[in-house]
Amino acid sequence: MRLDKFLADMNAGTRSEIKKAIRKGLVQVDGTMVKNPGEHVTEASAVSYDGRQIPYEPFSYYMLNKPQGVITATEDRRQQTVLDLLPADRRRDLSPVGRLDKDTEGLLLITNDGDLNHRLLSPRSHVGKRYFARIQGVVDTKDVEAFANGLLLPDGLRCLPAKLEILSSGETSEIEIVIEEGKFHQIKRMFEAVGKRVIYLKRLSMGSLTLDPALPTGQWRRLTETEVRNLKDL
Ligand code: URA
């Protein structure tokens with residue numbers, strides 16, 4: 001790839017700032033000053049910028065504990081997006097993996113690894129997404145059966161079988177549910193179909209990736225190498 005792209009991908013600055021810096025002689029490749037922004041480099045090249053080594057990482061992976069009130073989008077003129085919660089010097093090609101509603105909390109993976117993003121969301125990959133929910137209404141074993149059989153929603157959508165686990169049942173019930181698809185408002189619509197209402201929803205995991213219990217709501221951290229490896233081993 002070009003030297004200026006290498007540095008832009010690693011958030012060293014805008015393309016024009018980087019080009020200027022290269023022409024000024026601030027950039028070295030494998031120990032030699034390079035003044036051509038189009039110089040060919042590889043991911044293995046030892047690039048330094050203003051004396052600082054810049055290793056190339058083709059992909060970045062962030063875990064966000066999404067708070068309520070923030071939309072799952074890459075940009076929006078009026079509302080705060082999940083990407084606004086990441087550091088300002090993040091790379092520009094990141095996307096959230098799947099969508100959580102504005103009032104849903106919890107695990108959101110954000111990455112520029114398009115292949116992994118696609119594989120995690122494809123129903124053919126059978127990646128389970130586990131949620132905790134508080135439900136207005138008594139959730140009972142009939143619901144567990146109906147969810148396991150694949151609910152038919154009023155608009156004709158047939159859901160894939162979902163695993164519903166009752167934690168407590170009463171006027172307000174608490175449950176955990178695992179679904180392998182992610183249609184618009186899916187869990188809310190599934191409960192509406194059995195005459196109940198989701199009043200709180202939080203995603204706990206996606207495939208092998210579990211929300212870090214030490215990560216406060218609204219905070220992010222980078223995935224560990226093991227977490228990335230396990231996700232890729234779908
Ligand atoms: N199902 C929903 O209804 N909302 C979400 O945010 C995620 C799953």
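Since this is a predicted model, take the numbers as computed values, not measurements. Just so you know, ligand 1 is whichever comes first in the structure, and atom 1 is the first atom listed for that ligand.
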Pull out every atom of ligand 1 sitting under 4.0 Å from any heavy atom of D101, numbered as shown with elements.
2 (C), 3 (O), 4 (N), 5 (C), 6 (O)
Just grab all the ring pair (Phe, Tyr, Trp, His ring centres under 6.0 Å) pairs involving residues 1-39, residues at least two apart or on different chains.
F6-Y56
Please confirm whether K188 comes within less than 3.5 Å of ligand 1 when only nitrogen or oxygen atoms on both sides are compared.
yes
Check I135, T104, D103 against V198 for a side-chain contact (heavy atoms from CB on, under 4.5 Å) and give me the one that passes.
I135
Indicate, as side chain, backbone, both or neither, the part of V198 found under 4.0 angstrom from ligand 1 when only non-hydrogen atoms are considered.
neither
Return the closest protein heavy atom for atom 1 (N) of ligand 1 as residue, atom name and distance.
I187 N, 3.1 Å
Verify, without hydrogens or angle tests, whether D140 (side chain) and D143 (backbone) share a donor-acceptor contact under 3.5 angstrom.
yes
Would a distance-only check, ignoring hydrogens and angles, find a side-chain to backbone donor-acceptor pair under 3.5 Å from T141 to V144?
no
Any nitrogen or oxygen of H185, side chain or backbone, less than 3.5 Å from one on ligand 1?
yes
If we number the atoms of ligand 1 from 1 as shown, the ones under 4.0 Å from a heavy atom of Y131 are 7 (C), 8 (C)
What are the atoms of ligand 1, with element, lying closer than 4.0 Å to any heavy atom of T104?
4 (N), 5 (C), 6 (O)
Sidechain-backbone polar pair: T111 side chain, S60 backbone, donor-acceptor under 3.5 Å:
yes
